[in-house]
Structure formats: structure tokens, C-alpha cells
Amino acid sequence: MRVISVCVGSSCHLKGSYDIIRIFKELLNKYNLENEWELKAEFCCNNCRNPVSVKIDGSNPYSVSSDDAEAFFREKILEAK
């Protein structure tokens, strides 16, 4: 199973990490990917100066805002299939 990790440290929390988690949950459900992808919370990715940190399978963190979360999902998750 592949893993999407969203930072929920204090800086990312204030920048909307829980909104991104909600968006990713909805999209995983919409595309029936719950059995292929696990969505996890991670505490601090040391990328605090940027938007919310998201890792794919332990990658270096990507910076994602709630405004571009769906586009990020389409590019990194849907196209990864």
C-alpha cells in the first residue's frame, strides 16, 4: 500500500493541514483508492516556512495549500497509477 503523509505540526496545522487531509480523504473515496493509498498524519517535516508539507511514500516534502490540494492529488496520486 502506498502512503500519503500530511504534516500536522503546529505551523502546518495553522496553514490548513486538516483541510488538506479532508480534501484527500474525499478524493481517495471518490476515486475508490482507499485500498491502494493510506492517508497518515505526520508530526513536523521541518519544512515550516512553506505551505503544508505532504510526502508521498516517504519522499521529500511537497508544499501544498488547500487551494491546490486537488490539483496536487490529480498529478501525484491519480497519475501515479
### Task
Could you tell me which residues satisfy side-chain hydrogen bond (donor to acceptor under 3.5 Å, both in side chains) with Asp19, sequence neighbours excluded, listed by chain and number?
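Result, side-chain hydrogen bond (donor to acceptor under 3.5 Å, both in side chains) vs Asp19: none returned.
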
### Message
Going by the rule side-chain hydrogen bond (donor to acceptor under 3.5 Å, both in side chains), which residues pair with Ser65 if we only count those two or more places apart in sequence or in a different chain?
### Response
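Partners of Ser65 by the side-chain hydrogen bond (donor to acceptor under 3.5 Å, both in side chains) criterion, ordered by chain and then number, come out as Asp68.
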
### Task
Calculate, to the nearest 0.5 Å, the distance between atoms CG and CD1 belonging to Leu39 and Ile20 respectively.
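Going from the CG atom of Leu39 to the CD1 atom of Ile20 covers 11.0 Å.
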
#### Entry: Interatomic spacing from CG in Asp67 to CD1 in Ile23 - rounded to 0.5 Å
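Output value for this atom pair is 8.5 Å.
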
Excluding sequence neighbours, so at least two apart, what forms salt bridge (Lys or Arg N to Asp or Glu O under 4.0 Å) with [X]?
X	answer
Lys15	none
Glu75	none
Glu70	Arg74

Checking [X] now: which residues fulfil side chain to side chain contact (heavy atoms under 4.5 Å, CB included) with it, not counting sequence neighbours?
X	result
Cys12	Cys7, Ser17, Val52, Ser53
Ser63	Asn47, Asn50, Pro51
Glu26	Arg22

### Message
So which atom in Arg2 and which in Ile56 form the shortest heavy-atom distance, rounded to 0.1 Å?
### Response
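Between these two residues, the closest heavy atoms are NH2-CG2, 4.0 Å.
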
### Query
Under 3.5 Å, is there a donor-acceptor pair between the side chain of Ser11 and the main chain of Cys48?
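Judged by distance alone, yes, a pair lies under 3.5 Å.
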
### Message
Applying ring-ring contact (aromatic ring centres under 6.0 Å, His included), can you list everything that pairs with Tyr18, at least two apart in sequence or on another chain?
### Response
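Listed in chain order: His13.
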
### Task
Please name the residue in the list Leu78, Val54, Val64 that meets the side-chain contact (heavy atoms from CB on, under 4.5 Å) test with Phe73.
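Of the listed residues Leu78, Val54, Val64, the side-chain contact (heavy atoms from CB on, under 4.5 Å) partner of Phe73 is Leu78.
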
### Pairs satisfying salt bridge (Lys or Arg N to Asp or Glu O under 4.0 Å), at least one member in residues 39-54, at least two apart
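Every pair satisfying salt bridge (Lys or Arg N to Asp or Glu O under 4.0 Å) with a residue in residues 39-54: Glu42-Lys55.
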
### Query
Among pairs that include at least one residue of residues 49-72, which meet ring-ring contact (aromatic ring centres under 6.0 Å, His included), considering only residues two or more places apart or in two chains?
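The answer is Tyr62-Phe72.
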
### Query
Is any side-chain heavy atom of Leu27 less than 4.5 Å from a side-chain heavy atom of Ile77?
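They are not in side-chain contact.
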
### Message
Is any side-chain heavy atom of Asn46 closer than 4.5 Å to one of Cys44?
### Response
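Cys44 reaches Asn46 side chain to side chain.
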
